[in-house]
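Written out below as structure tokens is the structure these notes cover.
Here is the naming used below: chain letters follow the sequence lines, and residue numbers restart at 1 for every chain.
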Protein chains: 2
Amino acid sequence: MSTSKHSILSKSRELFEQHGYGKTTLTDIAKSIGKVKSALYYYFSGKEEIFAQIVRDEAEQFWNSLAAEIETADTVEDKLHLYVETRVELMQKIAKRYHFLKKEFFELMPIVEENRKETDRLEKDTITVLLMDYPKYEGTDESTVRFKAEMLVNTIKGLEVQMYVTDQVLIDQKSLPIFSDVLLNGIL
Amino acid sequence: MSTSKHSILSKSRELFEQHGYGKTTLTDIAKSIGKVKSALYYYFSGKEEIFAQIVRDEAEQFWNSLAAEIETADTVEDKLHLYVETRVELMQKIAKRYHFLKKEFFELMPIVEENRKETDRLEKDTITVLLMDYPKYEGTDESTVRFKAEMLVNTIKGLEVQMYVTDQVLIDQKSLPIFSDVLLNGIL
DNA sequence: CATTTGAACAAATAAGTAAAAAGTTCAAAT
DNA sequence: ATTTGAACTTTTTACTTATTTGTTCAAATG
């Protein structure tokens, strides 16, 4: 990727985080990389596309960290526990970082959702594959397992929305293992 | 409760559901019960108090239905399953009904939260007591059990926020038992 | 005495309008 | 292959004025 494209994305991200999406103008972005706003159109089709690309990059990086972390465990159980704990941790970081999304939630969330579809699928696929390897699901047809995997991922995503929308940090560091235990092994 | 007070609440609720909170004026409400707007102040301290009372009533009714439903089961397991399934069902109904909250979410949600505190506590208390009776938690100190109970309730509440904020119906009737099973018995 | 009203007032909203700023396009310049 | 500046359209801002809304309260109702 060209240096210009990269610095546009990098500076835009900073500006969005500092002032929010709406308050950041293309002139601001262009000025931050020492160009004029029309120059941005050589790399992106418009403001929304810049935001979309940031979302895609962020999502990819998010998933790469998460997938790498899962790899370090040996058993399915451990992988899943690591998944839940790391997922929640990363989520809380991202929610803090994109605090500005709160004000513009209904405007921007559809764009976020749209551009996360790819990594979303990767995530659900991975959990499904993990579960398929779990003795309990030996011989269970994939659609059933996938359904449960989606349920797990969606439950965690539910917390993510809650983080964006409300201000409460939901799960602190020390409660994380308990949370993961309840989610994976059930409350009963 | 006086007939007037009751009809103010009842008509307000209708109007809020139809046109949203902001678009419904005190004149609209007063007219709907054949009075002038200043008459409303005999019963309520203002518009927000009308909304708050509706929220409290709704929450109380919500919890009464839920508690009654739980009563019908005999074992802790059955009670909890019934709890999760009924809770989600009621939640989806309420989220549909208060669809208007979506637009005014950030303005009204604090009021909703504030006025649900009481039933929220009831709900968490009830689940805690239920779990205390569960063999697995025999001898476990209450704070640990309460923590898990709160985790369960908060996870479900997370879905509730998601329902208000996004448009997707998250769990259909037939997946409900599977959802409840995953949540209570874990995915593993 | 409990309830309702109408007038009065402040604060919020709507409507209108002009000016400025923002997003976008593109031919020309580098 | 990049970048620019001018031109164009769409949005936002700023400002004014008029209306509506939320709220208060003394007086009227019954």
Revision key, fill the gap. Side chain to side chain donor-acceptor pair (under 3.5 Å) filter on B:D28, not counting sequence neighbours, yields B:T25
Review point. Can you check whether B:S4 has a side-chain N or O nearer than 4.0 Å to OP1 or OP2 of C:dA2?
Key: no
**Study point:** Span of DNA chain D, from the first to the last nucleotide whose atoms fall under 4.0 Å of chain A heavy atoms
**Key:** D:dA1 to D:dG5
**Study point:** Partner residues of A:K117 under the side chain to side chain donor-acceptor pair (under 3.5 Å) criterion, sequence neighbours left out
**Key:** A:E114
Practice item. Only counting residues at least two apart or in another chain, list the ones meeting side chain to side chain donor-acceptor pair (under 3.5 Å) with A:D74. Key: none
Exercise for review: Would you classify A:F44 as touching base, sugar-phosphate or nothing, given that sugar-phosphate means primed atoms plus P, OP1 and OP2, and contacts are heavy atoms under 4.0 Å?
Suggested key: nothing
Check your understanding: Which pairs, with at least one residue in residues 123-135 of chain B and sequence neighbours excluded, count as a salt bridge (charged side-chain N to carboxylate O under 4.0 Å, His left out)?
Key -> B:R87-B:E123, B:D120-B:K124, B:R121-B:D125, B:D125-B:R146
Exercise for review: Anything under 30° is parallel, anything over 60° is perpendicular, the rest tilted; go ahead and classify A:F106 against B:F105.
Suggested key: perpendicular
Revision key, fill the gap. In whole angstroms, the gap separating P of C:dC1 from OH of B:Y42 amounts to 11 Å
Check your understanding: Quick one: side-chain hydrogen bond (donor to acceptor under 3.5 Å, both in side chains) pairs with a partner in residues 29-42 of chain A, sequence neighbours left out?
Key -> A:S4-A:K35
**Study point:** salt bridge (charged side-chain N to carboxylate O under 4.0 Å, His left out) contacts in which one or both residues fall within residues 58-70 of chain B, not counting sequence neighbours
**Key:** B:R13-B:E58, B:E58-B:R97
Review point. Could you give the angle between the helix axes at the two ends of the helix from C:dC1-D:dG30 to C:dT30-D:dA1, with five pairs per end, rounded to 10 degrees?
Key: 40°
Practice item. Could I get the full list of side chain to side chain contact (heavy atoms under 4.5 Å, CB included) partners for B:E113, not counting sequence neighbours? Key: B:M109, B:K157
**Study point:** Qualifying ring-ring contact (aromatic ring centres under 6.0 Å, His included) pairs with a residue from residues 65-99 of chain A, counting only residues at least two apart or across chains
**Key:** A:Y98-A:F100
Detail all sub-3.5 Å separations between protein N/O atoms and N/O atoms belonging to nucleotides 19-25 of chain C.
{"residue": "C:dG23", "atom": "OP1", "partner": "A:K47", "partner atom": "NZ", "Å": "3.0"}
{"residue": "C:dG23", "atom": "OP2", "partner": "A:L26", "partner atom": "N", "Å": "2.7"}
{"residue": "C:dG23", "atom": "N7", "partner": "A:K37", "partner atom": "NZ", "Å": "2.7"}
{"residue": "C:dG23", "atom": "O6", "partner": "A:K37", "partner atom": "NZ", "Å": "3.4"}
{"residue": "C:dT24", "atom": "OP2", "partner": "A:Y41", "partner atom": "OH", "Å": "2.7"}
{"residue": "C:dT24", "atom": "OP2", "partner": "A:K47", "partner atom": "N", "Å": "3.0"}
{"residue": "C:dT24", "atom": "O5'", "partner": "A:Y41", "partner atom": "OH", "Å": "3.0"}

**Study point:** side chain to side chain donor-acceptor pair (under 3.5 Å) involving A:Q53 - partner list, sequence neighbours excluded
**Key:** A:R56, A:D57
